[in-house]
Amino acid sequence: MARYATPPGREEFHEEVWDLVCQIPEGRVSTYGRIAALATPPVGMDPPAYKAFGARWVGGAMAHCPEGVPWWRVINAQGKVSAREGEDRQRPLLEKEGVEFDARGRIDLANYAWPDDNARS
DNA sequence: ATTATGACTCCCA
DNA sequence: GTGGGAGCCATAA
């Protein structure tokens with residue numbers, strides 16, 4: 001199985017990602033890019049590549065998501081879960097936590113996105 | 001060494 | 001608002 005994008009020798013990166021995911025409060029969701037932005041990116045990485053760097057590697061970290069990591073709270077910029085079987089699993093899980101889905105199965109990041117750009121300082 | 005794929009994101013039509 | 005294409009990193013064959 002493709003270990004998928006693994007940071008260039010940055011195991012800590014994965015730990016940081018998992019930690020951030022665990023920090024996501026109940027009833028809130030975050031995006032791969034957001035987590036990546038919060039995590040510590042490699043040095044010398046170009047800005048345009050930065051977004052891709054995080055999104056993909058964070059996804060790789062989720063692929064290795066150890067037990068206790070609410071990976072279902074991590075969604076993509078589209079407001080949906082890209083997980084192979086997460087769509088069916090994430091919906092009830094998030095709904096149970098208080099997250100509402102759009103008619104198209106999309107989540108309102110404006111209300112559930114974490115961390116909130118405005119709220120909490 | 002090259003090609004193909006992957007739990008992504010951004011830009012343009 | 002929706003859809004398709006291109007780009008970035010690393011792994012596996």
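Below, chain A is the first sequence line, B the second, and so on; all start at residue 1.
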Practice prompt. Give a yes or no on whether A/Glu100 atom CD has more than 12 heavy-atom contacts from other residues, nucleotides or ligands under 6.0 Å away.
Written response: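 Counting other residues, nucleotides and ligands, CD of A/Glu100 stays at 12 neighbours or fewer.
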Fill in: Side-chain ion pair, A/Glu97 and A/Arg28, N-O less than 4.0 Å
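No, A/Glu97 and A/Arg28 are not salt-bridged.
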Quick one: [X] [atom1] to [N] [atom2], roughly how many Å, whole number?
X        : N      : atom1 : atom2 : result
A/Trp57  : C/dC9  : CH2   : P     : 7 Å
A/Arg89  : B/dA7  : CZ    : P     : 16 Å
A/Tyr50  : C/dG7  : OH    : P     : 22 Å
A/Phe13  : C/dA10 : CZ    : C1'   : 13 Å
A/Gln90  : B/dA7  : CD    : P     : 15 Å
A/Tyr32  : C/dA10 : OH    : P     : 20 Å
A/Asp102 : C/dT2  : CG    : C1'   : 14 Å
A/Asn76  : B/dC8  : CG    : P     : 7 Å

Item to complete: Could you pick out which residue, A/Lys51 or A/Val81, lies toward the 5' side of DNA chain B when each is mapped onto its nearest nucleotide?
Response: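 Mapping each residue to its closest nucleotide by heavy atoms, the 5'-most match is A/Val81.
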Practice prompt. Please tell me which of the listed nucleotides, B/dT9, C/dC8, B/dA7, lies nearest to the side chain of A/Arg56?
Written response: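 Selected nucleotide (nearest to the side chain): C/dC8.
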Worksheet item: From C/dT2, C/dC9, B/dA7, pick the nucleotide closest to the side chain of A/Arg106?
Response: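 The answer is C/dT2, which lies nearest to the side chain.
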Worksheet item: Can a side chain N or O of A/Arg73 be found less than 4.0 Å away from OP1 or OP2 on B/dA7?
Response: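 No, because none of the side-chain N or O atoms of A/Arg73 sits under 4.0 Å from OP1 or OP2 of B/dA7.
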Item to complete: Decide if the gap between the ring center of A/Phe101 and the ring center of A/Tyr112 is smaller than 6.0 angstrom.
Response: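 Not under 6.0 Å, so no.
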Worksheet entry | Whether A/Tyr50 side chain and A/Ala36 backbone form a donor-acceptor pair below 3.5 Å |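 Side chain of A/Tyr50 to backbone of A/Ala36, a donor-acceptor pair under 3.5 Å: yes, one is there.
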